[in-house]
Amino acid sequence: MKFFVDTADVAEIRDLAATGLVDGITTNPSLVAKTGRSFLDVVQEICGIVDGPVSAEVTATDHETMLAEGRKLASLAENVCVKVPLTPDGLKTCKALTDEGTKVNVTLCFSSAQALLAAKAGATYISPFVGRLDDIGTDGMELIADIVQIYANYPEYSTEVLVASVRGPHHVVQAARLGADVATLPPAVLRALFKHPLTDRGLDAFLADWAKTGQSILGVSDDKQASRTSA
Ligand code: G3P
């Protein structure tokens with residue numbers, strides 16, 4: 001399963017990319033607005049940090065302008081994936097960009113019927129928003145299960161299921177159980193995946209016992225280890 005990070009914050013991306021666990025980045029106009037920076041600069045900078053696909057969203061709503069915006073975004077770097085909304089014009093643009101060899105992420109998907117259309121339009125990724133469905137009292141993960149099943153019925157579709165609007169580790173684990181291809185995680189969710197209180201407690205106990213032995217694996221005093229044990 002691939003992990004993308006859902007942010008336009010370059011400092012966060014640098015930090016998380018260093019874990020070696022980041023396969024790509026997704027942004028949207030709201031995330032870009034939060035940075036207060038130039039969209040094109042941010043996209044270019046992110047593409048230089050991460051080798052995998054970087055989703056950058058068009059902001060026009062008509063096909064001609066979307067296509068022009070998509071082409072401009074795609075020209076910024078080889079790993080740009082153009083994001084288009086799930087509208088008739090968005091899917092027309094998806095088809096045109098896909099035919100030109102550009103990767104396309106179709107976003108704002110809230111139904112299996114929409115996901116079917118995106119696959120037919122040749123989308124590289126379909127982004128169902130599970131958290132926003134949960135917010136209105138619908139089980140977002142049921143939509144993921146449905147799309148994964150539908151796509152499996154048609155091996156000719158190459159569209160990958162990219163679980164978006166992820167709110168916590170539970171969404172990531174359920175997405176993995178269902179065989180979703182990708183989950184795009186807010187930075188806090190990716191960090192939360194590491195955490196378990198028994199891991200922290202177990203490590204503290206191991207380090208305390210190790211300190212009692214007075215040994216050092218590297219044969220030199222390890223100040224970091226000593227200060228962690230005494231904390
Ligand atoms: O980038 C699309 C999606 O992940 C947005 O999530 O939390 O704004 O519903 P959210």
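Atoms within each ligand, like the ligands themselves, are counted from 1 in listed order.
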Ignoring hydrogens and geometry, is there a side-chain-to-backbone donor-acceptor pair from T98 to C94 under 3.5 Å?
yes
Show which atoms of ligand 1 fall inside a sub-4.0 Å distance from at least one heavy-atom site of A164.
4 (O)
Step by step, work out the side chain to side chain contact (heavy atoms under 4.5 Å, CB included) result for T159 and T124.
CA-CA 5 Å; T159 305; T124 314; over 6 Å; no
E12 bridged to R191 by N-O distance under 4.0 Å:
yes
In the protein, which heavy atom is nearest to atom 7 (O) of ligand 1, and how far is it?
R167 NH2, 3.2 Å
Taking only non-hydrogen atoms of R132 and a 4.0 Å limit, the atoms of ligand 1 in range are 5 (C), 8 (O), 9 (O), 10 (P)
Should K120 and E156 count as an ion pair when the cut-off is N to O under 4.0 Å?
no
Closest non-hydrogen protein atom to atom 4 (O) of ligand 1, residue and atom name please, with distance?
D6 OD2, 2.6 Å
For K83, atoms of ligand 1 separated by under 4.0 Å from a heavy atom
1 (O), 2 (C)
What protein heavy atom lies closest to atom 6 (O) of ligand 1? Include the residue and the distance to one decimal.
S165 CA, 3.3 Å
Hey, is ligand 1 close enough to T26 that some N/O pair sits below 3.5 Å?
no
CA sep, side-chain torsions, deciding dist, call: L76, L40, side chain to side chain contact (heavy atoms under 4.5 Å, CB included):
CA-CA 8 Å; L76 294 176; L40 301 185; 3.9 Å; yes
closest protein heavy atom to atom 2 (C) of ligand 1 is F129 CZ, 3.3 Å
Under a 4.0 Å threshold between the charged nitrogen and the carboxylate oxygen, would D89 count as salt-bridged to K92?
no
